[in-house]
Amino acid sequence: QVQPVQSGGGSVQAGGSLRLSCTASGRPFSRNTVGWFRQIPGKEREFVGARRWMGIIMYDDSVKGRFTITTDYTQDTVFLQMSSVKPEDTAVYFCAVKDTAYTTDSLNLTKNYDLWGQGTQVTVSS
């Protein structure tokens, strides 16, 4: 098992855009279910969105219409494109991978993922 590696993150003004990346070198996973979560200190990790098997994508209502999950299959990388960001989007963002091509698990639950990225800070200023 190879832990996913994240990149991107940083500071951005409200209304701006930011893109996060998630990849697992030496371990193809882009065709598997990949989820994105975020966490504020002192609170539980919350669901952002996921690309599950067959390419079906789901988002939490809090980011729907603003965030987009895309995949570069050549680079085996999954992206979280964040647009029209808000101060409440400030959090540590994590990518997570389920090590199967197919699943019927509820993808908004952290327990249903196998591998987690190290997390990256996103700060949105007003």
Side-chain angles (χ1 to χ4, degrees):
Q1 296 182 336
V2 179
Q3 182 183 22
V5 177
Q6 298 180 226
S7 62
S11 299
V12 62
Q13 292 183 341
S17 299
L18 197 67
R19 189 178 74 168
L20 308 181
S21 301
C22 177
T23 188
S25 298
R27 180 68 168 85
F29 75 101
S30 60
R31 295 186 182 275
N32 289 2
T33 294
V34 178
W36 287 93
F37 292 78
R38 61 187 181 185
Q39 186 170 27
I40 299 173
K43 296 184 178 181
E44 294 185 351
R45 198 164 298 180
E46 65 179 19
F47 177 72
V48 174
R51 187 218 67 210
R52 69 183 306 154
W53 74 291
M54 299 298 292
I56 299 173
I57 302 175
M58 56 187 294
Y59 300 96
D60 184 78
D61 288 341
S62 65
V63 304
K64 192 175 300 181
R66 300 187 299 114
F67 291 8
T68 304
I69 297 174
T70 59
T71 303
D72 185 330
Y73 291 101
T74 300
Q75 298 183 1
D76 200 30
T77 301
V78 178
F79 303 95
L80 180 66
Q81 178 66 50
M82 307 168 61
S83 300
S84 301
V85 295
K86 304 175 181 179
E88 52 263 41
D89 294 324
T90 296
V92 176
Y93 284 72
F94 299 86
C95 68
V97 180
K98 187 169 183 62
D99 198 20
T100 58
Y102 168 81
T103 182
T104 57
D105 293 345
S106 298
L107 299 182
N108 63 328
L109 302 178
T110 59
K111 68 178 183 179
N112 289 327
Y113 292 84
D114 302 298
L115 302 171
W116 291 82
Q118 80 278 15
T120 183
Q121 176 70 44
V122 172
T123 302
V124 181
S125 61
S126 60

Set of residues satisfying side chain to side chain donor-acceptor pair (under 3.5 Å) with respect to [X], sequence neighbours excluded:
| X | value |
| --- | --- |
| Q75 | none |
| N112 | none |
| K111 | none |
| Q118 | none |

Name every donor-acceptor pair, under 3.5 Å, that has one atom in a side chain of residues 6-22 and the other anywhere in the protein, sequence neighbours excluded.
{"from": "Q6", "atom 1": "OE1", "to": "C95", "atom 2": "N", "distance (Å)": "3.1"}
{"from": "Q6", "atom 1": "OE1", "to": "G119", "atom 2": "N", "distance (Å)": "3.0"}
{"from": "Q6", "atom 1": "NE2", "to": "Y93", "atom 2": "O", "distance (Å)": "2.9"}

Are the side chains of T68 and T70 in touch, meaning some heavy atoms are under 4.5 Å apart? yes

Is the shortest side-chain heavy-atom distance between I69 and V78 below 4.5 Å? yes

Side-chain (R45) to main-chain (R38) donor-acceptor, under 3.5 angstrom: no

Could you identify which residues cluster with F47, counting Ile, Leu, Val, Met, Phe, Trp and Tyr as linked when any side-chain heavy atoms lie under 4.5 Å apart, either directly or through a chain of such contacts? F37, M58, V92, F94, L107, Y113, W116

Any chance CD of E88 has more than 12 other-residue heavy atoms, nucleotides or ligands included, within less than 6.0 Å? yes

Residue pair T33, R51: steps toward the side chain to side chain donor-acceptor pair (under 3.5 Å) verdict: CA-CA 6 Å; T33 294; R51 187 218 67 210; over 6 Å; no

Between D60 and S62: side-chain donor-acceptor atoms closer than 3.5 Å: yes

SB check D89 K86 (cutoff 4.0 Å): no

